[in-house]
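Below is one structure; the comments refer to it alone.
By convention here, the first residue in the shown sequence is residue 1. Only a predicted model underlies this, so the values are computations on that prediction, with no experimental measurement involved.
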Amino acid sequence: MTYVLLLLALFIFCKHEIAQTHRDSVVAWQSYQATSRHGNYAQILTSAHASDIAERREYLRRIVAVTSMLGRQGLSFCANDESSESTNRGNFFECMELLKEFDPFLQRYNTPSNATYLSPESQNDMIECCAQEIINTMVSEMSKSGMYAIMADEARDGQSEQLALCVRYVTEGTVKECLLALLQMRGVAGLKCVAQTYDGAAVTSGSKVGVQAHFRVLHPEAIYVHCYAHELNLVLCHTCRAIPEAAEFFSFLENVYSFFSTSLVNHHKFKEAQSKLGIASAELVQLSNTRWACQLRSINAVLDTLTAIFDCLSAIGSPMAVGLRAKFSTVYLLLTFQSLLSVTEGLHKFLQKETVDLAEACFGKQAVCDTLIDKCTDAFATELFDRTKALCEVHNFPEANAARKRKQRKMGDFVVETSLGLGTELSCSQTKKTELLLPCLDRMVCELDQRFSTVDAGLLKGIQACSPNSKNFLDTSCLTEFAKHYSIDVKTEEMLVARNLLAWKRGNHSGCPHNSCEQLHSWLRKTMGQKSLASLAAMSIEGEVLGRFGGFKTNPRGVCPDCPKRGLAPISMNL
């Protein structure tokens with residue numbers, strides 16, 4: 001009976017084995033086992049392309065590294081001729097070729113013809129991605145800070161204009177200033193802006209329809225501060241415009257510079273005269289109405305080469321040379337403005353330091369005013385006149401107190417480029433003091449007081465009370481209006497604790513973080529589009545941020561696994 005049942009079972013099994021349903025089940029089971037061991041079809045495809053994906057990523061990292069380097073250094077990417085026959089295909093292609101000489105990966109990697117990522121379009125995409133990473137990093141830091149200040153400046157070249165926006169905020173206890181965009185603010189609309197600063201143009205500084213007025217509609221706390229470095233330039237410009245002798249003097253300096261710089265013959269004679277007299281070779285400096293530090297450098301250059309200039313003008317003997325030589329009776333003005341501009345030069349440099357804030361700028365301005373007021377004395381005027389007389393005697397110039405000759409009716413062959421007419425006779429120390437020195441000093445002091453007080457007095461007093469160098473540091477009475485403006489709750493006991501803490505830090509030689517305030521000067525490149533210009537500017541100016549997420553790093557051991565004998569380090573990137 002058992003044997004019969006076994007035969008019956010074998011017959012049924014054989015019949016089932018040849019059935020289509022059994023065959024389908026076996027195929028399904030085998031497929032399941034294969035999938036368990038090797039993965040599904042998608043996984044198999046991904047695995048097959050894994051090495052290709054990894055190689056493309058390594059290739060892209062090198063392209064990003066070259067893009068980042070060129071952007072940080074402010075170098076151009078393209079060349080006029082980028083064909084394979086060109087000897088100079090531009091910095092981007094040349095860097096990739098140089099990298100290929102030393103990088104084993106690039107030497108063995110075959111770039112697909114449809115994915116080289118070297119076209120101008122791909123380069124622009126890489127530039128934009130790098131710039132966007134920089135913007136995202138800054139916006140993230142600003143969001144954590146919760147507030148910021150904005151600075152804007154404009155540059156013009158021909159018919160093109162750019163408005164650069166720079167933001168200032170605190171991150172990890174440090175004040176940072178960064179270029180945000182050349183187009184517009186992005187990602188910071190919800191943050192509080194506490195200050196804004198632009199130049200003095202009416203379109204920006206207007207209290208009714210200016211940019212600062214419109215901006216305060218959105219950010220009422222954002223006080224407007226005219227750039228103090230610009231203000232100082234305006235102080236000096238307006239001083240010279242108000243004093244005729246000063247305007248004539250700087251016009252004379254510009255004429256001297258032009259006489260010896262535009263003509264190669266005159267310039268060569270000027271250099272020869274310096275060599276014969278044993279004077280250190282020096283060049284005259286061109287004046288600039290927007291950079292008054294040039295005026296002091298021009299005066300110093302003229303004083304250093306005074307004998308050479310005078311001898312050259314005497315030797316050349318042209319109508320222009322004779323006219324300029326006659327003007328050297330204004331040596332008093334050279335020494336006067338050398339003394340005055342030496343005082344303001346320190347403030348120029350101080351206002352451009354990274355460690356200066358609004359309160360310190362006001363302290364610096366007051367120090368300059370006090371120094372200028374101290375010069376309003378008979379002793380200084382006499383000293384200046386005596387120095388002028390001594391210098392004239394050394395160089396055999398007309399004496400400082402010599403009376404002017406009677407003006408001739410006919411000018412002959414003289415070329416005149418300055419104002420004519422009878423002016424004040426500056427023939428003695430007292431006259432020079434009352435007609436030139438004191439008016440210049442008074443005008444400069446008045447201009448400084450007027451132009452450096454754009455911020456409300458009470459608010460400025462509170463800002464100064466936030467400076468550790470102020471005698472009213474963290475004084476509750478001084479901080480009242482400041483705290484009210486920014487909706488801050490000031491508590492007397494907290495101010496007392498803060499003062500004691502900072503006093504203890506100073507006693508232990510522990511520094512406090514300082515603010516920074518510097519001007520931003522943007523530049524133009526006419527051959528590129530606005531989008532690329534903005535991205536490249538962000539990469540060049542904020543290169544430090546760019547270095548956080550891009551850059552080559554060598555193997556710490558300095559040995560390439562593929563070339564152990566030659567000791568070549570493989571190149572990798574951290575994105």
Original post:
Can you name the nearest heavy-atom pair linking Thr305 to Ala282, along with the distance?
Top reply: CG2-CB, 4.0 Å
Original post:
Step by step, would you call Gln338 with Arg387 a side-chain contact (heavy atoms from CB on, under 4.5 Å)?
Top reply: CA-CA 12 Å; Gln338 183 190 44; Arg387 287 172 55 200; 3.8 Å; yes
Original post:
When the ring planes of Phe260 and Phe270 are compared, do they come out parallel, tilted or perpendicular, using 30° and 60° as the limits?
Top reply: tilted
Original post:
Can you check whether Leu340 reaches Leu441 side chain to side chain, under 4.5 Å on heavy atoms?
Top reply: yes
Original post:
Going through the checks in order, is the side-chain contact (heavy atoms from CB on, under 4.5 Å) test met by Ile223 and His485?
Top reply: CA-CA 9 Å; Ile223 60 173; His485 180 81; 3.4 Å; yes
**OP:** Evaluate the criterion side-chain contact (heavy atoms from CB on, under 4.5 Å) for residue pair Phe259 and Ser318; output intermediate values, then yes/no.
**Re:** CA-CA 11 Å; Phe259 182 81; Ser318 65; 4.0 Å; yes
Original post:
In Å, rounded to the nearest 0.5 Å, how long is the span from CG of Leu437 to OG1 of Thr431?
Top reply: 12.5 Å
Original post:
Is the closest side-chain heavy-atom distance between Leu335 and Leu303 below 4.5 Å?
Top reply: yes
Subject >> Within-4.5 Å side-chain heavy-atom neighbours: Arg216 and Gln196 >> reply: yes
Original post:
Would you say the side-chain atoms of Ser251 pair up with the backbone N or O of Ala247, donor to acceptor, closer than 3.5 Å?
Top reply: no
Subject >> Minimum side-chain heavy-atom gap Leu296-Phe337 below 4.5 Å >> reply: no
Subject >> Ser145 (side chain) donor-acceptor with Thr171 (main chain) under 3.5 angstrom >> reply: no
**OP:** Taking the side chain as every heavy atom from C-beta outward, state whether Leu236 and Gln295 have any pair of such atoms under 4.5 Å apart.
**Re:** no
Original post:
Donor-acceptor pair, Glu231 side chain versus His226 backbone, under 3.5 Å?
Top reply: no
**OP:** Using modelled atom types only, decide if a donor and an acceptor are shared between the side chain of Thr204 and the backbone of Val211 within a distance under 3.5 Å.
**Re:** no
Original post:
Any side-chain donor-acceptor pair under 3.5 Å between Tyr169 and Glu141?
Top reply: yes
**OP:** Specify whether Phe252 and Phe249 have parallel, tilted or perpendicular ring planes, treating 30° as the upper limit for parallel and 60° as the lower limit for perpendicular.
**Re:** tilted
**OP:** Report the C-alpha distance between Ile150 and Tyr198 in whole Å, list the side-chain angles of each, state the deciding distance to 0.1 Å, and finish with yes or no for side-chain contact (heavy atoms from CB on, under 4.5 Å).
**Re:** CA-CA 9 Å; Ile150 182 174; Tyr198 321 113; 4.3 Å; yes
Subject >> Heavy-atom pair of closest approach, residues Leu347 and Gly364 >> reply: CD1-C, 3.8 Å
Original post:
Between the side chain of Thr239 and the main-chain N/O of Val235, is any donor-acceptor distance below 3.5 Å?
Top reply: yes
Original post:
For Cys294, does its backbone N or O pair with a side-chain atom of Ser298 as donor and acceptor, under 3.5 Å?
Top reply: no
Original post:
Can any side-chain N or O of Ser143 pair as donor or acceptor with the backbone N or O of Val139 at less than 3.5 Å?
Top reply: yes
Original post:
Above 12 or not: heavy atoms from other molecules or residues under 6.0 Å from CG of Leu264?
Top reply: no
Original post:
Judged by atom type as modelled, is there a donor-acceptor pair below 3.5 Å linking the side chain of Ser339 to the main-chain atoms of Thr336?
Top reply: no
Subject >> Spacing of CD belonging to Glu128 relative to CD1 belonging to Ile135, to within rounding of 0.5 Å >> reply: 11.0 Å
Original post:
Could you state the interatomic distance from CD (Glu177) to OH (Tyr148), rounded to the nearest 0.5 Å?
Top reply: 15.0 Å
Original post:
Are side-chain heavy atoms of Leu448 and Leu232 found at a separation under 4.5 Å?
Top reply: yes
Subject >> CD-CE distance between Glu447 and Met444, expressed to the nearest 0.5 angstrom >> reply: 10.0 Å
Original post:
Closest heavy-atom contact between Met147 and Val194?
Top reply: SD-CG1, 3.8 Å
Original post:
Under 3.5 Å, side chain of His219 to main-chain N/O of Lys192, donor-acceptor pair present?
Top reply: no
Original post:
Roughly how far apart are Arg72 CZ and Cys130 SG, rounded to 0.5 Å?
Top reply: 9.5 Å
Subject >> Heavy-atom pair of closest approach, residues Val368 and Val343 >> reply: CG1-CG1, 3.9 Å
Subject >> Within 6.0 angstrom of His268 NE2, more than 12 heavy atoms from elsewhere >> reply: no
Original post:
When rounded to the nearest 0.5 angstrom, what is the spacing between CG in Leu341 and CD1 in Ile299?
Top reply: 5.0 Å
Original post:
Is there side-chain contact between Phe310 and Ser314, with at least one heavy-atom pair below 4.5 Å?
Top reply: yes
Original post:
Where do Ala213 and Val209 come nearest, in terms of heavy atoms and distance?
Top reply: CB-N, 4.4 Å
**OP:** List the atom of Arg297, the atom of Val285, and the distance in Å for their closest heavy-atom pair.
**Re:** O-CG2, 3.9 Å
Subject >> Side chain proximity check, Lys365 to Asp449, heavy atoms < 4.5 angstrom >> reply: yes
